[in-house]
Amino acid sequence: MSDDNQAPRAPTGTHDVLPPESWRWQRFVDDFARRADRFGFGMVHTPIFEDARVFRRGIGDESEVVGKEMYEFEDRGGRQLALRPEGTASIVRAFVQHRPATPWRAWYVTPSFRYERPQAGRYRQHHQVGVEALGSEDPDVDVEVISLAWGFLTGLGLDQVTLQLNSMGCATCRPAYVDELRNLLASRVDELCDEHAERYAINPLRVLDCKKAPCIAVTEDAPKIAEALCESCRGHHDRVRVGLVDLGIDFVENPRLVRGFDYYTRTTFEFSSGALEGAQNAVGGGGRYDGLVEMLGGPPTPGIGFGIGIERALLALDAEGVPPELPPVPSAFVVDLTGGEAARAIVARLRGLGHKVERAYDGRSMKSQMKAADRSGAPVALIIGAEEAATGSVTIRMLRQEAEQRTVAVDALLADVETTGVIG
RNA sequence: GUGGUCGUAGCUCAGCUGGCAGAGCGCCGGGAUGUGGCCCCGGAGGUCGCGGGUUCGAGCCCCGUCGAUCACCCCA
């Protein structure tokens with residue numbers, strides 16, 4: 001800040017994504033888009049900032065994410081806005097606004113913003129892909145949504161991902177359970193960790209998620225929410241489990257799984273990577289939110305979705321040693337020693353035929369252009385010197401295999417490319 | 001918000017108890033006049049993060065500050 005003469009850099013906790021890393025991102029999103037489409041999800045774009053109430057009401061004022069980490073600002077018109085800290089609330093806001101026919105299935109890819117101290121796998125701007133399925137409370141939807149995420153993550157090459165599953169109950173059964181839990185915690189408040197001794201009453205469920213030994217000791221004795229579910233929630237949860245087993249998706253029940261957003265009901269789940277260290281091992285998670293649409297002013301509408309962190313998933317891939325895919329090499333590299341006009345023309349023709357083609361610029365020496373051709377990774381260099389230019393021909397030189405180079409008419413080359421689909 | 005570590009070339013880093021800013025990689029050019037990869041030669045590129053202090057002299061010591069990174073908390 002005080003270094004006025006320093007060149008500007010990306011703000012704390014944000015990152016530029018450049019090639020070749022950006023290629024992994026492209027592939028990641030493309031793959032997700034194809035799978036989501038197969039499940040009947042359509043892409044939805046919403047603004048990255050919203051009326052701050054969208055997040056306050058949905059995620060919860062008391063949640064860490066909204067209470068301490070949200071980027072909020074007032075615009076020039078005095079509106080209270082917030083950068084999106086997660087994906088679901090915005091999609092639900094859009095659903096309420098446009099009232100599409102249900103069931104409605106949306107997928108998205110978006111940046112998310114949280115003001116935290118950055119660390120490995122934790123950024124102020126991170127990116128997620130995700131889906132939201134609104135309008136059905138059928139447990140088969142839960143199973144499909146989880147199976148989409150599972151298939152995507154394992155399809156990327158992640159072998160060490162664990163699916164944890166829990167149910168948060170619903171408006172019928174959760175309040176009684178929360179009361180019971182609060183009473184237990186109140187009776188043993190002196191045994192809790194410092195933070196939760198103060199805050200347990202606000203959201204007793206959070207204590208279940210506490211990693212400190214004192215809280216764990218207390219909550220181990222506490223009743224499990226899975227044991228306190230109402231008949232309807234129990235039936236739902238059983239159906240989800242059966243469905244997952246049926247599809248061969250491994251999971252572990254985790255009665256301590258309490259996710260950070262208040263809107264969750266019934267099914268909640270999280271995908272963690274055994275290859276990632278410590279607390280930053282969650283690559284994705286989600287759950288059902290049967291009350292969220294109403295909270296945001298819409299008609300009673302059940303919903304379920306998940307988000308997957310792109311940076312986290314890529315870190316997990318690195319940690320598992322899955323080699324990053326590299327961008328495709330060009331089909332050909334054009335070397336022009338005559339001023340560039342010939343290169344300009346042939347490059348345009350080949351690209352028009354659908355080929356990735358690169359060339360040199362600035363009239364560099366042949367040696368320099370050949371070096372560039374080699375570096376590009378192209379299997380073939382198309383060389384145009386004075387003789388070729390004069391006769392409308394081009395010299396084909398193979399760069400990755402032993403072969404006599406040959407000179408052919410440009411028209412013949414193009415005709416050949418058109419029929420064979422291969423340059424050279 | 002709390003704590004640890006670290007800031008020297010585009011990248012990875014060396015630089016002794018203070019004494020003329022370095023290497024490798026990368027980039028650019030050249031190695032008998034149109035041929036890349038290996039090799040050889042040459043070149044460009046640095047306010048040593050920034051500000052102050054100590055000193056004849058600071059990349060090195062001291063203070064501050066900014067940034068990066070890791071951990072806690074929480075999450076993707």
Side-chain angles (χ1 to χ4, degrees), chain A residues 1-15 18 59 62-70 84-88 109-130 149 153 193-196 199 206 209-212 215 257-261 270-273 276-286 306-316 333 335-338 360 362 364-389 395-401 404-405 407:
Chain A
M1 298 297 188
S2 62
D3 303 338
D4 290 341
N5 290 327
Q6 291 298 294
R9 45 177 306 127
T12 294
T14 69
H15 294 276
L18 310 178
I59 300 169
E62 289 299 332
S63 70
E64 230 24 59
V65 166
V66 169
K68 290 162 63 177
E69 300 175 353
M70 199 157 71
R84 135 186 333 152
E86 59 94 43
T88 300
V109 52
T110 180
S112 294
F113 305 87
R114 296 179 199 170
Y115 190 87
E116 315 175 81
R117 286 285 291 270
Q119 149 188 2
R122 203 183 70 179
Y123 312 104
R124 290 187 176 172
Q125 175 175 345
H126 77 275
H127 299 78
Q128 295 187 18
V129 294
L153 291 171
C193 76
D194 292 349
E195 184 192 345
H196 289 116
R199 306 202 49 189
R206 295 239 64 82
D209 200 33
C210 184
K211 274 115 190 151
K212 297 203 177 80
C215 285
L257 179 63
V258 176
R259 296 183 47 75
F261 310 143
E270 200 166 287
F271 300 95
S272 48
S273 168
L276 293 179
E277 295 293 321
Q280 270 73 242
N281 65 355
V283 296
F306 67 76
I308 288 173
I310 297 181
E311 291 88 345
R312 284 276 173 89
L314 293 178
L315 276 176
F333 191 101
V335 171
D336 184 339
L337 308 171
T338 65
D362 300 314
R364 291 187 187 284
S365 70
M366 174 147 207
K367 175 173 182 146
S368 157
Q369 294 194 44
M370 286 301 293
K371 276 174 89 101
D374 184 56
R375 267 195 304 254
S376 77
V380 50
L382 301 177
I383 304 168
I384 301 161
E387 291 168 28
E388 289 89 344
T395 292
I396 301 169
R397 175 166 177 76
M398 306 307 283
L399 297 172
R400 316 288 154 193
Q401 65 188 63
E404 197 80 359
Q405 69 183 39
T407 302

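Quick note on labels: first sequence line is chain A, next is B, and so on, each numbered from 1.
- Residue Q128(A) places no side-chain N or O under 4.0 Å from the OP1 or OP2 atom of A76(B).
- For T395(A), whose side chain is taken as the heavy atoms from C-beta onward, the closest listed nucleotide among G34(B), A76(B), C28(B) is G34(B).
- Residue R375(A) places none of its side-chain N or O atoms closer than 4.0 Å to OP1 or OP2 of G26(B).
- Neither OP1 nor OP2 of G3(B) sits under 4.0 Å from any side-chain N or O of R117(A).
- Looking at the side chain of H126(A), the nearest of the listed nucleotides G36(B), A76(B), A71(B) is A76(B).
- Residue F261(A) is classed as a sugar-phosphate contact, given heavy-atom separations below 4.0 Å to backbone atoms only.
- Look at the P atom in both C41(B) and C6(B): the space between them is 37 Å, to the nearest Å.
- For the pair R9(A) and C66(B), the criterion of a side-chain N or O lying under 4.0 Å from OP1 or OP2 is not met.
- For G34(B), its base sits under 3.5 Å from the side chain of E388(A) at one donor and acceptor pair at least.
- Glycosidic conformation of G7(B) is anti; the angle lies outside 90° of 0.
- Distances shown here put every side-chain N or O of Q405(A) at or beyond 4.0 Å from the OP1 or OP2 atom of U35(B).
- The side chain of K371(A) places an N or O atom within less than 4.0 Å of a non-bridging phosphate oxygen (OP1 or OP2) of G37(B).
- Environment of CD in E387(A): sparse, with no more than 12 heavy atoms of neighbouring residues, nucleotides or ligands closer than 6.0 Å.
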